[in-house]
Amino acid sequence: MDQQKKTTSGALQAPLTAPSNNPTAPAQALLHNPGAAQALANNPGAAAAAQAFLGNRGATYQPLLNNTHVGQQHMGVPGASISKPSTGEALMMKGHTGSHALIRSDRGSMLSLSDDNVMMKQVLATHAPDGREFDVRPLLNLVEDILNRATQHVDFLVKGTTQAQIEMEEKALQANHIVMLEALTYTIDRIASELSYKALGGSDAHATTTAIFNLLSSYTWDAKLVLSLSAFALNYGEFWLLAQIYSTNQLAKSMAILRQLPSLLEHTAPLKPRFDALNNLIRAMIDLTKCVVQFTQLPSTYISQDVPVLETAINLFPTAVYWTIRSMVACGTQISNLSSMGHEFGISTTESWELSTLAHKLRNIYELLKQQLNLCYQYIEEKTDVAFYQLLLTLFDPNALHIDNMKVLKALIYDKDDKLPLLDGATKRRVSLDVLRRKNVLLLISSLEFANDELAILEQIYNESRIHATRLESQYEVVWIPIVDHSIIPLPEEMQTKFENLQSTMPWYSVQDPLFIKKPVIRFIKEVWHFRTKPILVVLDPQGK
């Protein structure tokens, strides 16, 4: 029989076990331990509640991606070539303050060491942020909506079916975001013009990319990406907007004729593979841009730029931004050629390999950054868990004063206001923590392994107390706190079913989702309240003591 314990917070806990020699007999009484009784000596209400509940009877209680893309292609940088990468190899190049991951093969590199050094020096020479910062997410939401709609038009035109409606992000239309767009319109238009006119003139892709970097020299890396993608979306969206409405709108029809769209759209089926290659690259551009933006949203309270996992990612930003903008230039060239030459434009093997190789390269960079992003999330989680555990220690400090028990219960069970965290065992409805405000609360803490006879005895005692609800010793509420392994998320189906079955038999309150109980709370319950495997009760008074 586990010995009863008094916690440092003054709360009472006791194992709930059934004697092996008599499964139907009550367990050792919770309050018969002098130390436990002393813990509640100054708390008559909580002591009475615990005594009433248990009575004298007691209770039974990623490595780098495998790079298999094939192709040998000049990418517009003098001397640079694309070759068949060997599996799992990567070249870590020193540039700026860190390293840039580039894929290489045994026979040659996608970009030779000297060429990459020259390229990155040119890119970094243009980077001179002036300290201006703005939230790029609303603009990115708008751009993603445009590109998502545009990349669906090929199937729409080939199949002749109605395009599914995609809901616009409302926050992209809010007044403050409109003001932001007005401030950025000039820059976006300049980049859009650069993409269009340089593509028509057959300019070198690297030179066009560098020119765009010069236009964006004062912006941060994430802003460079989003502004460039906005300009590309402006051009690509206009192209497909005309394609969508030219047959029903006379103005659009006239403009479409100038762009040779009627001729082009009559041959959408044979052109579909070409558009699929474009859309695949566009999707890679969007994913990589969103990934870079996610790094800028990391809470600086818990992670700084000098933390190795974040520093490694930041050192990849110049490479990520360069190749994403370079991909926009390649897409822009394809669109311009289609517009100017119509369906007679035939994509060459060289251009085909360029699109697929760029998409492959962006995917590699994306996987590298995504891996670092996950490591950053893990680092932040560890920091927040430590901070939350310290908060619990502070809340349960014997000298801490609380007006009621809400702050304590929110920390233990659920600290947000977006969900109803409790299930009422009597009505089977979800309720808020307010039902426990300023009440004596008995926390029934257990794993999902709960013996039926133990549960039956607890239920009998609880039901008897409800009959005499006006008595002082009956004025308490019970809440089941389920403890599960957070390393298994989401919970396996059999474990979820086991939880729901056990929850359905309880007449008292229970936590609606076992994953509401955070890892630092479980650590606190184990280290401070000494929970192991057998169920325990922790009694809290109306102030959460």
Side-chain angles (χ1 to χ4, degrees), residues 74-82 90-104 109-134 136 184 186-199 201-232 285 288-289 291-293 295-296 305-306 310-330 332-333 358 361-362 364-366 368-369 372:
H74 287 281
M75 299 293 289
V77 181
S81 63
I82 299 171
L91 175 64
M92 299 303 292
M93 286 186 48
K94 288 295 178 182
H96 194 34
T97 58
S99 56
H100 304 285
L102 292 174
I103 309 306
R104 72 172 186 180
S109 62
M110 176 176 271
L111 201 61
S112 69
L113 187 63
S114 60
D115 288 328
D116 188 74
N117 277 328
V118 171
M119 179 190 75
M120 292 316 300
K121 284 181 180 179
Q122 291 177 342
V123 169
L124 293 170
T126 67
H127 187 58
D130 57 10
R132 287 181 299 174
E133 292 185 2
F134 64 93
V136 299
L184 298 172
Y186 177 70
T187 302
I188 294 173
D189 283 342
R190 288 190 65 187
I191 300 170
S193 299
E194 193 77 24
L195 286 171
S196 298
Y197 299 141
K198 291 293 179 65
S203 298
D204 175 75
H206 173 66
T208 304
T209 305
T210 304
I212 293 173
F213 269 101
N214 286 324
L215 290 174
L216 297 170
S217 61
S218 60
Y219 292 94
T220 57
W221 293 113
D222 62 310
K224 292 181 200 291
L225 271 179
V226 176
L227 289 171
S228 300
L229 198 62
S230 301
F232 172 77
M285 287 156 44
L288 185 52
T289 300
C291 186
V292 170
V293 170
F295 280 99
T296 68
Q305 293 188 3
D306 58 354
L310 181 53
E311 184 181 23
T312 299
I314 291 174
N315 290 335
L316 277 170
F317 284 2
T319 303
V321 176
Y322 175 85
W323 286 108
T324 305
I325 296 178
R326 179 72 170 269
S327 298
M328 297 177 202
V329 173
T333 300
L358 283 169
K361 187 173 186 67
L362 293 191
N364 281 334
I365 299 172
Y366 169 79
L368 287 169
L369 285 175
Q372 291 305 121

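For the numbers below, each heavy atom of this structure counts, side chains included, while hydrogens, waters and symmetry mates do not.
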Next item on the list: Tell me, with the steps shown, if Leu184 and Tyr219 meet side-chain contact (heavy atoms from CB on, under 4.5 Å).
Entry: CA-CA 11 Å; Leu184 298 172; Tyr219 292 94; 3.9 Å; yes
Margin query: Within the structure provided, determine whether Trp323 and Leu288 are in side-chain contact (heavy-atom separation under 4.5 Å).
Written below: no
Check: How many angstroms lie between atom CE of Met120 and atom OG1 of Thr319, to the nearest 0.5 angstrom?
Finding: 4.0 Å
Margin query: Which heavy atom of Ala313 sits nearest to which heavy atom of Leu369, and what is that distance?
Written below: O-CD2, 3.7 Å
Note to self: Please report whether the ring centroid of Phe213 lies less than 6.0 Å from that of His206.
What the structure shows: no
Checklist line | Closest contact, heavy atoms only, Ala192 versus Ala231 | finding: N-CB, 3.4 Å
Checklist line | Spacing of Asp222 atom CG and Cys291 atom SG [to the nearest 0.5 Å] | finding: 12.0 Å
Next item on the list: List the atom of Thr210, the atom of Gln122, and the distance in Å for their closest heavy-atom pair.
Entry: OG1-OE1, 4.3 Å
Check: From Ile212 CD1 over to Phe232 CZ, what is the distance, rounded to the nearest 0.5 angstrom?
Finding: 11.0 Å
Next item on the list: State, to 0.1 Å, how close Leu225 and Met328 come at their nearest heavy-atom pair, and which atoms those are.
Entry: O-CE, 4.0 Å
Item checked: Point-to-point distance, once rounded to the nearest 0.5 Å, from OG1 of Thr209 to CG of Leu195 -> 8.5 Å
Check: For Ser193, does its backbone N or O pair with a side-chain atom of Ser196 as donor and acceptor, under 3.5 Å?
Finding: no
Notebook entry, point to check: Nearest 0.5 Å, what's the OG1-NZ distance between Thr187 and Lys224?
Noted result: 11.5 Å
Notebook entry, point to check: Shortest non-hydrogen contact from Pro318 to Leu124?
Noted result: CG-CD2, 3.9 Å
Checklist line | Heavy-atom closest pair, residues Asp306 and Glu311 | finding: O-OE1, 4.1 Å
Item checked: CD1-CG distance between Ile325 and Leu216, expressed to the nearest 0.5 angstrom -> 6.0 Å
Next item on the list: Run through Thr220, Val292, Thr289 and flag the one making a side-chain contact (heavy atoms from CB on, under 4.5 Å) with Val226.
Entry: Thr289
